[in-house]
Amino acid sequence: DAVCPRPAVFHRAFDITTHGRKSLYVWKPQPPSADFVAIGLAVTTSPDPPAVDADDVVRCVPRAWTRPPQFGPKLLFDTVGLSGKHGGLWRYGHLGLLAVGSQREPPADVLDLKPVLSVAAAAAAAESARSTSF
């Protein structure tokens with residue numbers, strides 16, 4: 001939790017509401033502090049936000065492990081013309097991560113993981129977090 005903490009909260013980015021079928025809700029995680037970045041999204045079929053204390057939910061990474069994406073965003077889906085809160089789902093970066101844009105506008109605030117993370121740097125960050133968490 002110290003090196004890759006859970007998000008502080010989830011904000012609904014957009015939803016797809018349908019009549020007679022399950023709705024889809026897309027959630028943007030908010031990192032616990034400016035030192036971390038939430039990469040990716042959470043998706044549910046419930047209007048309730050995901051539990052931040054669940055083990056299978058998005059984690060945040062240290063901001064130092066990120067960089068601007070080298071591969072531009074590609075629109076996968078948008079909700080223009082559908083009911084619900086409008087948005088667009090975009091794929092970006094070398095890992096093909098998901099982000100939310102405003103309808104057909106690409107997201108401006110996305111970051112990608114650096115392609116090579118030093119194991120030694122990750123271990124040092126974990127040790128530093130453990131020693132300062134008291």
Shortest non-hydrogen contact from Pro69 toward Leu111: CD-CA, 4.3 Å
Side-chain ion pair, Lys28 and Asp109, N-O less than 4.0 Å: yes
Residues Trp27, Arg12; criterion side chain to side chain contact (heavy atoms under 4.5 Å, CB included); working and verdict: CA-CA 4 Å; Trp27 304 89; Arg12 189 181 324 175; 3.5 Å; yes
Passing candidate, side-chain contact (heavy atoms from CB on, under 4.5 Å) with Pro5, options Ser33, Cys60, Pro31: Cys60
Within one Ile-Leu-Val-Met-Phe-Trp-Tyr cluster: Val26 and Val57, side-chain cutoff 4.5 Å: no
Test applied, side-chain contact (heavy atoms from CB on, under 4.5 Å); reference residue, Leu41; option that passes from Val100, Leu97, Val58: Val100
CG-NZ distance between Leu24 and Lys22, expressed to the nearest 0.5 angstrom: 11.0 Å
Straight-line distance of Leu89 CG to Phe14 CZ, nearest 0.5 Å: 5.0 Å
CZ (Arg91) with more than 12 external heavy atoms under 6.0 Å: no
hydrophobic_cluster_shared for Ile39 and Leu95, side chain cutoff 4.5 Å: yes
Residues Arg6 and Asp53 bridged, charged N to O under 4.0 Å: no
Heavy-atom closest contact (Phe10 atom, Ala42 atom, distance): CE2-CB, 3.8 Å
Closest non-hydrogen atom pair, Leu75 against Trp90: N-CE3, 3.2 Å
Residues Leu98, Leu76; criterion side chain to side chain contact (heavy atoms under 4.5 Å, CB included); working and verdict: CA-CA 9 Å; Leu98 298 177; Leu76 299 175; 3.6 Å; yes
Over all atoms of both residues, closest heavy-atom pair of Pro50 and Thr44: CG-CG2, 3.9 Å
Heavy-atom closest pair, residues Pro62 and Val3: CD-O, 3.5 Å
Contact check, side chains of Asp35 and Arg63, non-hydrogen atoms, under 4.5 Å: no
Backbone N/O of Cys4 and side chain of Arg59: donor-acceptor pair under 3.5 Å: yes
Hydrophobic cluster identity match, Phe36 and Val9, side-chain contacts under 4.5 Å: no
Over all atoms of both residues, closest heavy-atom pair of Pro73 and Tyr92: CA-CB, 4.1 Å
